[in-house]
2 protein chains.
Amino acid sequence: MSQDVFKALSDPTRREILRMLRKRPMPAGELSEVFAMTKGSLSHHFNILKNAGLVRCERRGQFQVYSLNTSVFEETLAMLVDLFGSERKRKRS
Amino acid sequence: MSQDVFKALSDPTRREILRMLRKRPMPAGELSEVFAMTKGSLSHHFNILKNAGLVRCERRGQFQVYSLNTSVFEETLAMLVDLFGSERKRKRS
DNA sequence: TTGATAGTTTGAATACTATCAAACTATCAA
DNA sequence: TTGATAGTTTGATAGTATTCAAACTATCAA
């Protein structure tokens with residue numbers, strides 16, 4: 001539920017969704033206007049992003065408004081750093 | 001060839017390979033010892049990491065020695081930052 | 001209520017990925 | 001050469017992802 005972040009980021013559509021949400025929270029419909037894809041397919045992507053903790057979703061009347069969950073951003077950064085070990089704790093042989 | 005980084009990072013085996021290479025460059029065989037997987041399967045993962053630019057590979061005698069390509073690390077960080085827009089250039093409406 | 005709008009969920013088709021076993025290539029050592 | 005070791009590539013299979021169309025749920029407005 002939290003380690004699937006890279007999986008969630010591995011799809012171009014989902015990355016573009018994040019880039020759009022970067023500007024401001026948006027309802028599902030507005031997001032789906034810019035993708036050549038059915039609303040059902042987009043909803044599927046929203047779910048994956050939500051399960052990865054990358055976005056949150058809040059109902060406002062008829063609208064489901066999606067927004068970035070920036071706190072997970074830091075965790076994702078930390079995971080990347082862990083993969084590459086950028087803190088240089090390399091012991092010289 | 002360079003945007004497939006997230007795809008490459010989306011697999012747990014490949015992330016573990018990166019974590020191991022973090023310590024030091026290693027030949028394919030040594031890496032494949034710690035995975036419950038054939039050498040062929042590992043080789044497949046090496047290819048994906050190589051195509052994403054995350055690792056490099058150099059022959060030393062009979063050995064193919066893999067190592068981290070840390071320069072791509074920075075690019076990957078930049079891509080993450082791009083996705084989340086952490087530079088706060090948010091214009092207050 | 002009913003109808004319209006906004007979105008999700010389901011079921012099926014298609015495409016992609018991970019894996020294995022087996023065949024293959026490359027280097028070294030005799 | 002030949003044999004042994006190290007690794008890659010290939011072909012097949014099983015599992016996973018993406019997508020669509022269609023059915024469904026929820027809210028609003030009359």
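Chain letters run A, B, ... following the sequence lines, proteins first and then strands; every chain starts at 1. All of these numbers come straight from a predicted model, not from anything done at the bench. The basis for the numbers below is simple: all heavy atoms, side chains too, and nothing from hydrogens, waters or symmetry mates.
If you take NZ of B:Lys39 and P of C:dC20, they are 14 Å apart, rounded to a whole angstrom. One interatomic measurement links the two molecules: CD of B:Gln64 to C1' of C:dC28, which rounds to 14 Å at whole-angstrom precision. Atom P of nucleotide D:dT18 and atom CG of A:Leu49 are separated by 10 Å, given to the nearest angstrom. For the pair A:Asn47 CG and C:dG7 C1', the interatomic distance rounds to 11 Å; values are reported in whole Å. In this structure, A:Asn51 places its CG atom 10 Å from P of C:dT9, rounding to the nearest Å. In this structure, B:Ile17 atom CD1 and D:dG7 atom C1' are separated by 14 Å, rounded to whole Å. In this structure, the CG atom of A:Leu42 is 15 Å from the P atom of C:dA6, given to the nearest Å. In this structure, B:Met26 places its CE atom 13 Å from P of D:dG7, rounding to the nearest Å.
Of all nucleotides listed (D:dA21, C:dT8, D:dT8), D:dT8 comes nearest to the side chain of B:Phe46.
Note that CZ of A:Arg22 is 9.0 Å distant from CG of A:Leu68, once rounded to the nearest 0.5 Å. A distance of 5.0 Å separates CZ of A:Arg60 from CD of A:Glu58, quoted to the nearest 0.5 Å. Rounded to the nearest 0.5 angstrom, B:Asp4 CG and B:Leu49 CG are separated by 11.5 Å. Rounding to the nearest 0.5 Å gives a distance of 6.0 Å between CG of A:Asp11 and NZ of B:Lys7. Considering CZ of B:Phe84 and OG1 of A:Thr70, their distance stands at 8.0 Å, rounded to 0.5 Å. Interatomic distance, OG1 of B:Thr76 versus CG of B:Leu9, reported as 6.5 Å (0.5 Å rounding).
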Atom pairs, protein N/O to nucleotides 15-18 of chain C N/O, distance under 3.5 Å:
residue	atom	partner	partner atom	Å
C:dA18	OP1	B:Asp11	OD1	3.4
C:dA18	OP1	B:Arg14	NH1	3.2
C:dA18	OP1	B:Arg14	NH2	3.2
C:dA18	OP2	B:Arg14	NH1	3.3
C:dA18	OP2	B:His44	NE2	3.3

Grab the N/O contacts between the protein and nucleotides 3-5 of chain D below 3.5 Å, and write none if there aren't any.
none

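Sequence order on DNA chain D of the closest nucleotides to A:Thr38 and B:Tyr66 puts B:Tyr66 first from the 5' end.
B:Leu31 and B:Ile48 end up in different hydrophobic clusters when Ile, Leu, Val, Met, Phe, Trp and Tyr side chains are linked at under 4.5 Å. Both A:Val55 and A:Phe6 sit in one connected hydrophobic cluster of ILVMFWY residues. Membership requires side-chain heavy atoms under 4.5 Å apart, directly or through other members.
Pairs of residues two or more places apart, or lying in two chains, that qualify as side chain to side chain donor-acceptor pair (under 3.5 Å) and include a residue from residues 36-49 of chain A are A:Arg14-A:His45, A:Thr38-A:Ser41. Applying the ring-ring contact (aromatic ring centres under 6.0 Å, His included) test to pairs two or more places apart or on separate chains, those with a residue in residues 47-67 of chain B are B:Phe46-B:Tyr66.
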Dot-bracket encoding per residue of DNA chain D, Watson-Crick/G-U cut-off under 3.5 Å, | denoting interstrand: ||||||||||||||||||||||||||||||
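For A:Pro25, the side chain to side chain contact (heavy atoms under 4.5 Å, CB included) partners at least two apart in sequence or on another chain are A:Val65, A:Ser67. Remark: A:Arg24 pairs with A:Met26, A:Glu30 by the side chain to side chain contact (heavy atoms under 4.5 Å, CB included) rule, at least two apart or across chains. For A:Phe35, the side chain to side chain contact (heavy atoms under 4.5 Å, CB included) test picks out A:Thr13, A:Glu16, A:Ile17, A:Met20, A:Met37, A:Leu42, with sequence neighbours left out. The salt bridge (Lys or Arg N to Asp or Glu O under 4.0 Å) check on B:Glu33 picks up nothing, with sequence neighbours excluded.
Looking at heavy-atom distances under 4.0 Å, B:Gly61 makes contact with sugar-phosphate atoms alone, never a base.
For the pair B:Ser41 and C:dT19, the criterion of a side-chain N or O lying under 4.0 Å from OP1 or OP2 is not met.
Of the residues in residues 27-36 of chain B, B:Ala36 come within less than 4.0 Å of DNA chain C through at least one heavy atom, sorted by number.
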